[in-house]
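Chain letters run A, B, ... following the sequence lines, proteins first and then strands; every chain starts at 1. As a basis for the values below, the full set of heavy atoms in this structure was taken, side chains included, without hydrogen atoms, waters or symmetry mates.
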Amino acid sequence: MAATEVEITRDGLDRAEMNINMGPQHPATHGVFRMVLTLDGELVTDVEPHIGYLHRGSERLSEDENYQQIITLFDRLDYIANFNNEWVYVRAVEKIINAEVPERAEYLRVILSELNRIASHFLFYGTYGLDTGAMNPVMIGFRERERIQALFEAVSGARMMHNYFRIGGLKDDVPDGFVPATRVLLDQLKAGYDEAKNTLTESEVFIERTAGVGAISGEQALDFGVSGPVLRASGIDYDVRKNFPYSVYPELDFTVPVGKHGDCYDRYMVRMLEIEQSLSIIEQALDKLPEGPIQSRVPRIIRPEAGDVYVNGENPRGDLGVYIVSVGHHATPYRLKIRGPSFCNLMALATMMRGSYIADATVILGSLDIVLGEVDR
Amino acid sequence: MAFFGAGALKGLMVTLGYLRRKPYTVQYPEEKLQISPRFRGNTFVWYEDRCTGCATCAKGCPLGIIKIVTHPKPNPQVGSDYQVDVFDIDTGRCMFCALCVEVCPYDALHMGADFERAVPARQDLVITVDQLREMPKKPTTQFRPQLEAIDYKGEEELEEHEAGRWSL
Amino acid sequence: MTEDRPASPDDAEEPAGAAISDPSDGSPFETRLRETLGDRISEISTNVDELQVRVARDQLVEVCEVLKESEGIDFKYLRCLSVVDWDDDKEAEVVYHLASMTHSDKVVLKVRVSTDDPWLPTVVPVWPGADWHEREGHDLFGIEFHGHPNMTPLILYDGFEGFPGRKSFPMPEQVTFYGGD
């Protein structure tokens, strides 16, 4: 029997580009973030991020509020790392009014901010586990973060929106028993960190999912203004705490973990190693914590001289900058610009995502660890 | 690594270890976590006799959600010369920054520690002066170091003369 | 900018030309910067711990390229790009905060434009990271960045009227109480 040749035409099967809308209400976008993916089959050819769904006009709002009240707005920017946000802002105001900060306050700020960094990285660890398809990490991550937040509650009265740092110091001294409680917490965190590490770091499933995915070179990342763990994962050793040292960080001994490949796995590893470093920083700071006042004398209503100042600090997500313009003798800033690290990191998203599979889209987005409160401001 | 899958197995061993552990979470309505004395809830504690109606709290509020109306007392006895008629705090828009508490020069306003205040309508979230009078006088020690100095844990009600930096 | 401009509050703080006539406090970095930029600087001053350089609009991109590529300067990192509106919205100032990772130096570039003709050349070709900052500046302050590859609304929705970052944009009155007052 002679085989009939069937001619298969490929008409109508032309490869057409397809647009897929992801978000704004999507669990894997970590907030109200929307990206329009252009797909060629399963490959992502282009991404267009859309932001602004959470725009609250923090910058404009702060032009109508006096310098102390603005601290509350900074709590709500990057709502995972509130202490770090407050710190950058109060440092900016301290610089413009040239205020001193007592040493004890500086050490307490370091301790609290580094704890907040650990909490933020644990949250990243948990949600990133979810993004890559692992259910277990989110339990560990949230549990450890919960422990830290319980300590924050004892210190500042709130788990997240602390409103605790003040211009020239802190609102109140930490409660009695803070140092022993923190030491106990550190031990718990170390145990939790080991668990977290054992669960994900060496897991082949996780490595296959993340290694080599969403890579970006150091030069490209720098061009986009990327900072924080994302930049360091690409091999550029830039940490504001080291490059432009502030507070008492020069007196503390720590290293900055730097990655090599700039892929998702390196970003994950940099954050995990940062937890180790932060634990060590807190231990040193607890040992060195001096007694003394926690608030220097600053005017009740702050009216800085005319001038402008840009201050940045290392947030868990990167380099948070605050630009304050004062026109002199006003209780409110004339202009306040916030440079959010997630905002700048997101710009590199398209470069990272082009050419990867659509299944990796959430993995790449998750590895940036964005917080939309700070992207949209 | 010894063999492919050893890392994943290591992770599974962590999970297995949880079989012999107690749960970390609590079942909320039945059990409650202990809150710290500084915890800011969404109620307020107001000592009327300490209050002069100066409305510093209203000015200190970043959102402007406190409204105070006063009139002079005909025959002042204790506290201020002004009677507070309206003291509305719109907790529907409140962000519990406690700046109103911090700026109060007479320690008349404190944060309360109650957090179970669900209401059916948004209007009910406004705390009026009558509600303020009736709220349990259990201030948190947030921004009130003098309460920490007497080792107050928020368990019993405090009188006016105990709550401030100076007594009436 | 050298042409007459309306008095703005920061004039009082840094009298024009004062810094140029006083090169004595020149740090090695400042000397390097002066050598590299030459006459492209219209004014240089020190603010707290940062050098502020005023440049003219037509020379902006050139200055940026020089700052990024020159040996010994290496401002590879655009930290921040902010727009400030001055003098009842008559002028806008665009501020570029630059940092160099290799030398741990920082510098501030300032360009002034009039709001009647609010355009600036884009610096996206120099630092791609300026992209969203410029789009935000366009959204909130109405500055046109000529040559920007994708000038679509970033933060505001399509069809939004006005520039909410400007001082002249009316802020909505405080929302009243939920109590209906």
Side-chain angles (χ1 to χ4, degrees), chain A residues 48-55 57 59-61 63-64 95-96 98 219-227 231 236-238 240 242-245 305-312 319 321-323 325-330 334-340 343-348 351 375-377, chain C residues 8-14 47-50 52 68 76-86 93 95 97-106 108 110 124-133 135-137 139-141 150 152-157 160 164-167 169 171-172 174:
Chain A
E48 209 197 334
H50 289 257
I51 63 168
Y53 295 93
L54 208 60
H55 180 63
E59 292 173 3
R60 183 74 202 271
L61 274 177
E63 289 169 16
D64 285 351
K95 194 166 162 190
I96 202 168
N98 209 359
E219 253 173 51
Q220 270 179 319
L222 202 55
D223 271 351
F224 278 110
V226 168
S227 55
L231 180 66
I236 293 196
D237 183 5
Y238 173 71
V240 187
K242 287 278 190 199
N243 288 48
F244 300 103
E305 298 290 311
D308 56 341
V309 61
Y310 180 85
V311 166
N312 58 346
D319 177 355
V322 178
Y323 178 53
V325 181
S326 155
V327 289
H329 313 295
H330 273 269
Y334 183 77
R335 168 91 169 103
L336 191 147
K337 158 89 184 181
I338 302 152
R339 182 248 195 235
F343 180 80
C344 297
N345 292 358
L346 256 187
M347 272 188 259
T351 311
V375 175
D376 294 341
R377 285 155 293 152
Chain C
S8 79
D10 72 344
D11 282 351
E13 176 219 9
E14 30 180 81
N47 181 25
V48 195
D49 61 344
E50 288 177 325
Q52 296 191 352
K68 190 186 174 192
K76 295 264 191 288
Y77 181 48
L78 177 74
R79 295 198 287 176
C80 188
L81 193 162
S82 341
V83 185
V84 187
D85 60 324
W86 284 109
E93 189 173 65
V95 187
H97 290 268
L98 311 178
S100 146
M101 313 241 163
T102 39
H103 305 286
S104 286
D105 287 327
K106 37 195 180 175
V108 188
K110 288 186 172 180
V124 173
V126 189
W127 297 287
D131 185 351
W132 285 13
H133 289 293
R135 281 169 73 184
E136 189 191 319
D139 270 9
L140 302 181
F141 292 90
N150 177 25
T152 46
L154 178 73
I155 283 177
L156 305 176
Y157 49 86
F160 189 92
R166 291 186 182 178
K167 293 276 178 192
F169 190 85
M171 284 286 270
Q174 277 277 339

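Of all the listed residues (A:L346, A:L54, A:D376), the one sharing the greatest number of non-hydrogen pairs under 4.5 Å with chain C is A:L346. Annotation: maximal heavy-atom pairing with chain A below 4.5 Å, among C:V95, C:D131, C:L81, occurs at C:V95. Annotation: maximal heavy-atom pairing with chain A below 4.5 Å, among C:L78, C:V83, C:V126, occurs at C:V83.
If you measure heavy-atom distances from A:L231 to chain C, the contacts under 4.5 Å come from the side chain alone. Proximity to chain C (any heavy atom under 4.5 Å) is restricted, for A:D64, to the side chain, taken from C-beta onward. When heavy atoms are compared at a cutoff of 4.5 Å, A:N312 approaches chain C solely by way of its side chain, counted from C-beta outward. Of the two parts of A:Q220, neither the backbone nor the side chain holds a non-hydrogen atom closer than 4.5 Å to a non-hydrogen atom of chain C.
We find the CG-NZ distance between A:L222 and C:K68 to be 8.0 Å, quoted to the nearest 0.5 Å. Distance check, rounded to the nearest 0.5 Å: SG of A:C344 to NE2 of C:H133 gives 3.5 Å. Going from atom CG of C:L154 over to atom NE2 of A:H55 covers 10.0 Å, rounded to the nearest 0.5 Å. Remark: A:R377 CZ to C:L140 CG distance equals 8.0 Å, nearest 0.5 Å.
Looking at C:N150 and A:E48, their side chains come closer than 4.5 Å, going by heavy atoms from C-beta outward. Counting only heavy atoms from C-beta outward, the side chains of C:V84 and A:K337 never approach each other to under 4.5 Å. The shortest side-chain heavy-atom distance between A:Y310 and C:S82 does not fall under the 4.5 Å cut-off. Between C:E136 and A:I51 the shortest side-chain heavy-atom distance does not fall below 4.5 Å.
Minimum heavy-atom separation, A:F343 to C:W132: CZ-CB, 3.5 Å. Heavy atoms only, all atoms of each residue included: A:Y323 and C:K110 are closest at OH-CE, 4.0 Å. The heavy-atom pair separating A:R339 from C:C80 by the smallest distance is CB-SG, 3.7 Å. Of all the heavy atoms in C:K106 and A:F244, the pair that sits closest is CD-CE2, 4.0 Å.
At distances below 3.5 Å, at least one donor-acceptor pair connects side-chain atoms of A:R60 with backbone N or O atoms of C:P164. The main-chain N or O of C:D85 is never found under 3.5 Å from a side-chain atom of A:R335 such that the two would form a donor-acceptor pair.
Checked options A:I236, A:N243, A:D319; the residue passing with C:Y77 is A:D319 (criterion: side-chain contact (heavy atoms from CB on, under 4.5 Å)).
Counted within 6.0 Å of NE2 on A:H330, heavy atoms from surrounding residues, nucleotides or ligands total 12 or fewer; the atom is thus considered open.
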